[in-house]
Peer 1: 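Before I ask anything, let me first share the structure, which is written out below as structure tokens.
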Amino acid sequence: LDTEAVYPYVGKTGKTCAYDKQGVAKVSAINNITAYDEAALLAAVGSRGPVSIAFQVSADFRFYKKGVYDGVCKASPSDVNHAV
């Protein structure tokens, strides 16, 4: 993993990747959390640190500006199209 200082987000398409493979942290373990298990997600954040998630972004998400998004997303794990 790189820091923002080393590999900043520039918000435009570039010609080459600037990733230098040095990194400031390494992933030491991966743990899957059962879909829809909010208690397991809470426990992972509390005991393991940052987590990554995958979710489905619907077409109207492009109009989101602030606050809590309340659009309609599909509920099936097979509909996932974004990861953070």
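Quantities reported herein were computed from a predicted structural model and do not represent experimental measurements.
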Peer 1: Could you report the tightest heavy-atom contact between S78 and S76, atom names first, then the distance?
Peer 2: OG-OG, 2.8 Å

Peer 1: Show every donor-acceptor pair shorter than 3.5 Å between a side-chain atom in residues 38-45 and any protein atom, with sequence neighbours excluded, or say none if there are none.
Peer 2:
none

Peer 1: To check you understand the geometry: which heavy-atom pair defines the closest contact between D37 and I33, and what is its length?
Peer 2: O-CG2, 3.9 Å

Peer 1: For residues 52-60, tabulate all N or O donor-acceptor pairs below 3.5 Å that involve a side-chain atom, not counting sequence neighbours.
Peer 2:
residue : atom : partner : partner atom : Å
Q56     : OE1  : K74     : N            : 2.9
S58     : OG   : D60     : OD1          : 2.7
S58     : OG   : Y69     : OH           : 2.6
S58     : OG   : V72     : O            : 3.3
D60     : OD1  : Y69     : OH           : 2.6

